[in-house]
Q: 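Quick one: the structure is below, questions incoming.
Treat the numbers as computed from the prediction; the structure is a model and nothing was measured. Each residue takes its place number in the sequence, starting with 1. Whatever order the structure lists ligands and atoms in, that order sets their numbers, starting from 1.
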Amino acid sequence: MSEIYDLVIVGAGPAGITASIYATRAMLKFVILEKSFAGGQIINTYEVDNYPGIQNVSGFDLSNMFTEHATSLGVEIKSEDVIELILDGPIKKVITSNGELQSKTIILSTGAQWKKLGVPGEDQFTGLGVSYCATCDGAFYKGKQTVVIGGGDVAVEDAIYLSRMCEKVTLVHRRNELRAVKVLQDKLLKTPNIEVIWDTELEEIFGDTSVEGVKIYNKKTGEKTTLNVSGVFIAVGTSANSELVKDQLKLDSGGWILTDEDCETSIKGVFAVGDVRKKSLKQVITAAADGAIAVFASERYI
Ligand code: NAP
């Protein structure tokens, strides 16, 4: 019979990596799996300025610091894609691209992914002017005009970031009030080459071989306008990477995993941490806190 782990951690973003650090210190027999790159969504954030004790750091550098901390303690992040999870019973099964693992507890830190708008031209021009990551693709638009769609922290951060290299950035938001934190709003509204268009939605992205512009419409007046831009950055939120467990765990209507205060899901011994779980504040610091809490709870469960 194959060995039975105390814990399998699925996903190596800030929540999963923190869990691996705590699991090492708790001397649990565990493994951490990641299907692509360690670091999570934060690697695409150009600046993190709300993680105590670390100033002026990019998301990429902060996530590297997390990973280096874990590896310095002996953690090895295994590159394996989880295909199926069988969560009922005292021993959970994790089916991966490499075989099957058995574990007493599971921590799901699978995060979230960018949402699409579903407008004409979005799929056609993805990678040809349509992007979901300003820090990844912004440099391609040096001296050009771009548009950012959304009104949350990510959209506002993206607009500010792009304003440093683009001639002009237009932020298009569907309401007349931003969702982003005040400090970002202030920065945005003070940046001279950013224009905000309120109460407006994106209707279509057009072009020939790459993006040449967008059609937008004002929801209050019905007025339609064309913006000639070469880049469209879509930042309208994220959806949970909960597909693997959607038929086994309780989720809310948006697909986020429901947990108790110990990050325990509707199945005993199965925990969800970081952005994949339903919670009010999704940031690196709360992801890291979840990872710590879940390991503490899984130790008690074992
Ligand atoms: P978000 O906070 O959910 O904001 C999504 C934005 O997109 C909202 O303004 C929303 O408009 C708009 N939107 C959603 N669907 C739309 C549609 N179909 N058409 C047009 N607009 C649409 O998502 P986020 O900005 O990606 O942030 C995700 C999480 O990460 C949040 O919890 C955020 O606080 C956190 N975060 C924090 C930081 C930081 O602390 N520095 C940085 C980045 C992200 P409405 O406002 O009208 O709903």
Q: Which part of Lys282 is near ligand 1, with near meaning a heavy atom under 4.0 Å away: side chain, backbone, both or neither?
A: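 It is both backbone and side chain that touch ligand 1.
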Q: Would you say that Val31 contacts Glu80 through its side chain, given a criterion of any heavy-atom pair below 4.5 Å between the two side chains?
A: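 They are not in contact (no side-chain heavy atoms under 4.5 Å apart), so the answer is no.
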Q: Of the protein's non-hydrogen atoms, which lies at the shortest distance from atom 14 (C) of ligand 1, and what is that distance?
A: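 Answer for atom 14 (C) of ligand 1: Val236 O, 3.3 Å.
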Q: So does Arg277 pair up with Asp290, basic N to acidic O under 4.0 Å?
A: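 Yes, this pair counts.
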Q: Which residue from Arg175, Glu47, Glu177, Arg174 reaches closest to atom 10 (C) of ligand 1 through any of its heavy atoms?
A: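 Residue with the shortest heavy-atom distance to the ligand atom: Arg174.
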Q: Any nitrogen or oxygen of Arg179 lying under 3.5 Å from a nitrogen or oxygen in ligand 1? Just yes or no.
A: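 By distance alone, the answer is yes.
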Q: Verify the ring-centre separation between Tyr161 and Phe233: is it less than 6.0 angstrom?
A: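 Between Phe233 and Tyr161, the centre distance exceeds or equals 6.0 Å.
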Q: Is there a protein heavy atom at a distance of less than 4.0 Å from atom 33 (C) of ligand 1?
A: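 When distances to the protein are checked, atom 33 (C) of ligand 1 has a heavy atom within 4.0 Å.
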Q: Is Glu201 near ligand 1, meaning one of its heavy atoms is under 4.0 Å from it?
A: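 Outside the 4.0 Å threshold, so no.
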Q: Looking at Trp256, does the NZ or CZ of Lys282 lie under 6.0 angstrom from its six-membered ring centre and within 45 degrees of the ring axis?
A: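 Judged by the rule (NZ or CZ under 6.0 Å from the ring centre, within 45° of its axis), Lys282 counts as positioned above Trp256.
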Q: Are any of the N/O atoms on Leu184, whether in the backbone or the side chain, positioned under 3.5 angstrom from an N/O atom of ligand 1?
A: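 It does not: no N or O of Leu184 is found under 3.5 Å from an N or O of ligand 1.
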Q: Is Phe60 atom CZ crowded by more than 12 heavy atoms from other residues, nucleotides or ligands, each under 6.0 Å away?
A: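 Open: at most 12 neighbouring heavy atoms sit under 6.0 Å from CZ of Phe60.
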Q: May I ask you to decide whether Asp186 forms a salt bridge with Lys190, counting only side-chain N to carboxylate O separations under 4.0 Å?
A: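 No salt bridge links Asp186 with Lys190.
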Q: Answer side chain, backbone, both or neither: which part of Asn50 comes under 4.0 Å from ligand 1, heavy atoms only.
A: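 Side chain only; the backbone of Asn50 stays clear of ligand 1.
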Q: Looking at Glu157, which atoms of ligand 1 are within less than 4.0 Å of one of its heavy atoms?
A: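 Contacts of ligand 1 toward Glu157, numbered from 1: 41 (N), 42 (C), 43 (C).
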Q: N/O of Gly150 under 3.5 Å from N/O of ligand 1, yes or no?
A: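 No, Gly150 has no N/O under 3.5 Å of an N/O on ligand 1.
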Q: Within the structure, does Leu117 bring an N/O atom to less than 3.5 angstrom of an N/O atom in ligand 1?
A: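 No; every N/O pair is 3.5 Å or more apart.
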Q: Report, in ascending order of atom number, the atoms of ligand 1 lying under 4.0 Å from any heavy atom of Gln283.
A: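 In order of number, 37 (C), 39 (C), 40 (O).
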Q: Applying the salt bridge (charged side-chain N to carboxylate O under 4.0 Å, His left out) criterion to Glu203, which one of Lys215, Lys224, Lys219, Arg174 satisfies it?
A: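 Between Glu203 and the candidates, salt bridge (charged side-chain N to carboxylate O under 4.0 Å, His left out) is satisfied uniquely by Lys224.
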Q: Look only at interatomic distance and state if Trp114 has a nitrogen or oxygen under 3.5 Å from any nitrogen or oxygen of ligand 1.
A: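 Between Trp114 and ligand 1 (N or O atoms, distance only) the closest approach is not under 3.5 Å.
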Q: I'd like to check Val214 versus Thr226 (side-chain heavy atoms, cut-off strictly below 4.5 Å). Are they in contact?
A: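 Not in contact.
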Q: Between Glu122 (side chain only) and Val119 (backbone N and O only), is there a donor and an acceptor less than 3.5 Å apart?
A: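 Such a contact is found between Glu122 side chain and Val119 backbone.
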Q: Which residue from Gly59, Gly237, Gly151, Ala155 reaches closest to atom 9 (O) of ligand 1 through any of its heavy atoms?
A: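 Checking each option, the heavy atom nearest atom 9 (O) of ligand 1 is found in Gly151.
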Q: Applying a 4.0 Å heavy-atom criterion (strictly less than), which segment of Ala235 is in contact with ligand 1: side chain, backbone, both, or neither?
A: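 Just the backbone.
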Q: Among the heavy atoms of Lys115, does any lie under 4.0 Å from an atom of ligand 1?
A: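 No, Lys115 has no heavy atoms under 4.0 Å from ligand 1.
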Q: Polar-atom distance check: Asp153 versus ligand 1, any N or O pair below 3.5 Å?
A: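 Right, the criterion is met.
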Q: Around atom NZ of Lys279, are there more than 12 heavy atoms of other residues, nucleotides or ligands at under 6.0 Å?
A: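 It does: Lys279 NZ has more than 12 such atoms within range.
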Q: Looking at Asp153 and Arg179, is there a salt bridge between them, counting it only when a charged N and a carboxylate O are closer than 4.0 Å?
A: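 Judged by the 4.0 Å cut-off on N to carboxylate O distance, Arg179 and Asp153 do not form a salt bridge.
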Q: Please list the nearest protein heavy atom to atom 25 (O) of ligand 1 with its residue and the distance rounded to 0.1 Å.
A: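 Protein heavy atom with the smallest distance to atom 25 (O) of ligand 1: Val154 N, 3.0 Å.
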